[in-house]
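We use all heavy atoms of the structure for the numbers below, so side chains are in, but hydrogens, waters and symmetry mates are not. Along the sequence shown, residues are numbered consecutively beginning with 1. This one's a predicted model, so the numbers in the text were calculated from it and none came from an experiment.
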Amino acid sequence: MEFLIKQATMKILLATVLCLCLASVWADHHGILPAIPDRCLGLELDAVTVSEEDVPLFIKGHYLFKGFHGKAELLNGSFPELFHHDEPHHIDAAFRMHFENSSDHDHIFIFVGHLVYSFYKHRLEIGFPKNISEVFPGIPDHLDAAIGCPKPDCDANDVIFFKEHKIYHFNVDNRTVVDKDFETMPNCTAAFRYMEHYYCFHGHQFSKFDPKTGEVHGRYPKEARDFFMRCSNYSAETDIVERERCSHVHLDAITSDDDGNLYAFRGHHFLQRDGNNDTVKADAIEASFKELHSEVDAVFSYEDHLYMLKDNDLYLYKISEPHTLLDGYPKTVKEVLGLEGPIDAAFVCQDEHIAHIIKGDHIYDVDLKASPHVAANERPLSLIKKVDAAMCDPHGVRVIVGNHFYHFDTLKLFVGARSIPEQHRVSIDLFGCDH
Ligand SMILES: *[C@@H]1O[C@H](CO)[C@@H](O)[C@H](O)[C@H]1NC(C)=O
Ligand SMILES: *[C@@H]1O[C@H](CO)[C@@H](O)[C@H](O)[C@H]1NC(C)=O
Ligand SMILES: *[C@@H]1O[C@H](CO)[C@@H](O)[C@H](O)[C@H]1NC(C)=O
Ligand SMILES: *[C@@H]1O[C@H](CO)[C@@H](O)[C@H](O)[C@H]1NC(C)=O
Ligand SMILES: *[C@@H]1O[C@H](CO)[C@@H](O)[C@H](O)[C@H]1NC(C)=O
Ligand SMILES: *[C@@H]1O[C@H](CO)[C@@H](O)[C@H](O)[C@H]1NC(C)=O
Ligand SMILES: *[C@@H]1O[C@H](CO)[C@@H](O)[C@H](O)[C@H]1NC(C)=O
């Protein structure tokens with residue numbers, strides 16, 4: 001979204017990063033500040049957790065990455081009291097305590113050497129940091145990783161700590177510890193629980209494991225950049241189909257055509273799920289939609305054409321092999337839909353000729369048979385205020401937010417929704433990925 005601004009900012013950013021990098025290389029040699037890490041170069045993470053707001057936090061050195069894309073921020077911007085003590089200047093482990101009835105529900109615990117910090121809403125709790133042995137008796141210092149594991153994922157409400165090849169299950173209810181050897185798993189440098197799955201990071205790879213047994217099922221390790229970071233094209237060896245199907249990074253746009261083929265766009269790539277046999281292909285956007293290049297805001301299909309929106313422009317492609325851009329396009333979004341770009345999401349329901357356009361927390365209707373096109377019937381979205389992508393097909397409306405989607409039987413039920421329906425996962429439920 002806001003591509004032009006983004007491009008300009010990117011340039012400034014690149015220049016800044018370059019300067020900062022040079023500065024930090026210099027500083028590093030002079031022992032002042034370690035270099036700013038780039039997560040697309042293949043990091044070994046120090047710690048991973050989720051915030052109180054469920055945003056994944058990836059920690060490396062003095063830096064923090066929030067979410068699946070974006071630049072590094074200073075860790076002490078979010079956790080200001082870290083590194084004020086005489087201790088090693090990197091985090092060993094971090095986890096969010098998430099047991100509803102515990103007094104430290106949603107506190108973020110950060111482990112450094114023999115100390116543990118407890119943060120709540122980015123403030124250090126009184127009395128912290130404390131010795132790990134005081135807060136988690138039986139748990140060793142200098143940990144590698146930590147992860148919360150509630151019942152029934154674990155037999156008790158546990159926090160799992162990792163150190164070398166050992167794991168410790170700390171029972172938060174009766175503060176007892178059970179330790180085991182985790183022979184089958186690589187030594188984790190970071191671990192986190194995300195969408196009820198348990199991930200151990202080691203090097204720039206990760207494995208999904210069973211928290212009770214430590215067993216790894218399925219084809220692991222996998223590359224962290226493929227699933228937890230938005231890094232296009234860092235390696236020639238990536239299985240793009242697998243990466244794009246299973247990525248947890250949000251989609252930019254999604255639509256289905258009259259034959260039931262599904263198209264989903266993310267960054268530089270798109271997925272296409274065949275309407276007949278559900279096979280999924282992935283390719284670079286540039287390979288099929290050359291003029292568009294990458295990073296769309298919204299896509300909808302109407303009468304064998306794909307309307308692809310990016311910033312203030314609308315590209316109209318005929319659905320064919322290869323897809324062809326119609327003469328005279330791109331035109332401005334304003335010219336074609338009667339509304340200024342950028343647009344967040346757009347869709348047409350089958351057998352209708354109304355394009356439903358979502359911009360911010362409002363939705364508009366554009367009658368595609370009328371001339372000129374005007375965006376009419378503006379109304380607020382009742383519940384979901386930030387939509388990444390949306391589509392409509394004979395089953396109803398699907399609204400994608402982050403790596404989830406919600407299903408509504410009708411447009412009216414979506415616009416006026418009074419409660420959030422069941423969450424489905426994009427990777428599993430749309431693309432048949434196993435996690
Ligand atoms: C945060 O850390 C950086 C270096 O790591 C330091 O320059 C800065 O002063 C720190 N800020 C605060 C608020 O402590
Ligand atoms: C929290 O609730 C569970 C059952 O709901 C109970 O087994 C556990 O002892 C409680 N823990 C605390 C710290 O109160
Ligand atoms: C914390 O641990 C350090 C060294 O491991 C020890 O010197 C100190 O006395 C401990 N503090 C408390 C309050 O137990
Ligand atoms: C894991 O840690 C143990 C104990 O430090 C070490 O012997 C082993 O080589 C490590 N394994 C890997 C794969 O690094
Ligand atoms: C603590 O809880 C676990 C699991 O609920 C149980 O197996 C264990 O015996 C308990 N330990 C003590 C000392 O109560
Ligand atoms: C990815 O890299 C390949 C070869 O290195 C190049 O041909 C292709 O255009 C790149 N794609 C993107 C989206 O940057
Ligand atoms: C799926 O169907 C498409 C045509 O709709 C065909 O091109 C493709 O080969 C089929 N794939 C499989 C695995 O059957």
Side-chain angles (χ1 to χ4, degrees), residues 33-34 37 45-67 72-150 154 156-164 166-179 188-194 198 200-201 211:
L33 230 184
L45 293 164
D46 292 336
V48 188
T49 180
V50 288
S51 71
E52 295 98 321
E53 301 86 25
D54 281 328
V55 176
L57 304 177
F58 299 91
I59 297 170
K60 175 71 180 179
H62 281 218
Y63 292 91
L64 171 68
F65 298 94
K66 284 186 184 156
E73 296 173 17
L74 274 172
L75 188 55
N76 62 6
S78 293
F79 301 105
E81 291 86 356
L82 285 174
F83 305 128
H84 282 189
H85 293 75
D86 193 17
E87 67 214 25
H89 275 206
H90 70 88
I91 303 290
D92 294 327
F95 79 96
R96 180 181 71 171
M97 188 71 91
H98 197 64
F99 302 108
E100 303 251 339
N101 60 355
S102 82
S103 58
D104 40 19
H105 178 57
D106 271 353
H107 288 212
I108 299 195
F109 287 86
I110 296 183
F111 299 83
V112 186
H114 69 280
L115 295 176
V116 54
Y117 292 73
S118 169
F119 287 92
Y120 187 60
K121 301 202 186 295
H122 304 291
R123 308 266 311 248
L124 185 66
E125 288 291 285
I126 293 167
F128 282 87
K130 295 183 179 176
N131 282 349
I132 293 174
S133 55
E134 188 186 330
V135 186
F136 300 99
I139 300 303
D141 296 344
H142 303 286
L143 290 163
D144 291 335
I147 195 168
C149 182
C154 280
N157 286 328
D158 284 344
V159 179
I160 308 175
F161 293 97
F162 300 78
K163 180 166 179 165
E164 289 155 358
K166 265 196 152 41
I167 65 157
Y168 301 81
H169 280 253
F170 181 89
N171 180 327
V172 295
D173 295 327
N174 68 16
R175 295 163 65 86
T176 51
V177 178
V178 177
D179 64 80
C188 308
T189 60
F192 90 144
R193 173 173 185 263
Y194 191 65
Y198 291 79
C200 154
F201 289 78

Q. Looking at residues at least two apart in the chain, or sitting in another chain, which of them share a salt bridge (charged side-chain N to carboxylate O under 4.0 Å, His left out) with Lys130?
A. none
Q.
Testing Tyr117, Phe161, Phe128, Phe162 one by one against Phe111 for a ring-ring contact (aromatic ring centres under 6.0 Å, His included), which residue passes?
A.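 Of the listed options, the one satisfying the test is Phe161.
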How close do [X] and [Y] get, heavy atom to heavy atom, and via which atoms?
X	Y	answer
Ala190	Ala47	CB-CA, 3.6 Å
Gly67	Phe58	O-CE1, 3.4 Å
Gly61	Leu75	O-CD2, 3.7 Å
Asp144	Glu164	OD2-N, 2.6 Å
Ala145	Ala191	CB-N, 3.8 Å
Ala94	Ile59	CB-CD1, 4.4 Å

**Q.** Pairing residues for Phe109 by the ring pair (Phe, Tyr, Trp, His ring centres under 6.0 Å) criterion, not counting sequence neighbours
**A.** Phe95, Phe136
Q. Residues in ring pair (Phe, Tyr, Trp, His ring centres under 6.0 Å) with Phe65, at least two apart?
A.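 Expected list: none.
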Q | Of all pairs that satisfy salt bridge (charged side-chain N to carboxylate O under 4.0 Å, His left out), the ones with a partner from residues 134-143, not counting sequence neighbours | A | none
Q: Using side chain to side chain contact (heavy atoms under 4.5 Å, CB included) as the criterion, list what pairs up with Asp54, not counting sequence neighbours.
A: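 Here the qualifying residues are Arg96.
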Q.
Under the rule for side chain to side chain contact (heavy atoms under 4.5 Å, CB included), what residues qualify as partners of Asn171, not counting sequence neighbours?
A.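 Testing Asn171 for side chain to side chain contact (heavy atoms under 4.5 Å, CB included), a comparison that skips the adjacent residues, returns Ala156, Asp158, Asp173, Asn174, Thr176.
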To the closest 0.5 Å, what do you measure between [atom1] ([X]) and [atom2] ([Y])?
X	Y	atom1	atom2	result
Leu57	Ser78	CG	OG	7.0 Å
Leu124	Ile110	CG	CD1	9.5 Å
Leu143	Ile132	CG	CD1	5.0 Å
Phe99	Asp106	CZ	CG	11.0 Å
Arg123	Glu81	CZ	CD	8.0 Å
Leu115	Leu82	CG	CG	10.5 Å

Q) In this structure, which one of Val178, Asn157, Val177 forms a side chain to side chain contact (heavy atoms under 4.5 Å, CB included) with Phe170? A) Val177
Q) Would you call Glu73 and Lys66 a salt bridge, taking side-chain N to carboxylate O under 4.0 Å as the test? A) yes
Q: Compute the centroid of each ring, for Tyr194 and then for Phe192, and state whether the two points are separated by less than 6.0 Å.
A: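 When the ring centroids of Tyr194 and Phe192 are compared, they turn out to be within the sub-6.0 Å range.
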Q) Would Phe79 and His122 count as a close aromatic pair, with their ring centres under 6.0 Å? A)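 Aromatic pair counts; centres sit under 6.0 Å.
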Q | Working for side chain to side chain contact (heavy atoms under 4.5 Å, CB included), residues Val172 and Met97 | A | CA-CA 10 Å; Val172 295; Met97 188 71 91; 4.1 Å; yes
Q: List the steps, then state whether ring-ring contact (aromatic ring centres under 6.0 Å, His included) holds for His105 with His98.
A: CA-CA 5 Å; His105 178 57; His98 197 64; 4.8 Å; yes
Q: Go through the steps to decide whether Ile139 and Val159 satisfy the test side chain to side chain contact (heavy atoms under 4.5 Å, CB included), and finish with yes or no.
A: CA-CA 10 Å; Ile139 300 303; Val159 179; over 6 Å; no
Q. Under the side chain to side chain contact (heavy atoms under 4.5 Å, CB included) criterion, do Cys154 and Ile160 qualify, and how do the steps go?
A. CA-CA 9 Å; Cys154 280; Ile160 308 175; 4.0 Å; yes
Q. If we only count heavy atoms from C-beta on, is the Pro150 to Arg193 side-chain gap below 4.5 Å?
A.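 Of all side-chain heavy-atom pairs linking Arg193 with Pro150, at least one is under 4.5 Å.
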Q | Heavy-atom side-chain proximity of Ile108 to Glu52 below 4.5 angstrom | A |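 In contact.
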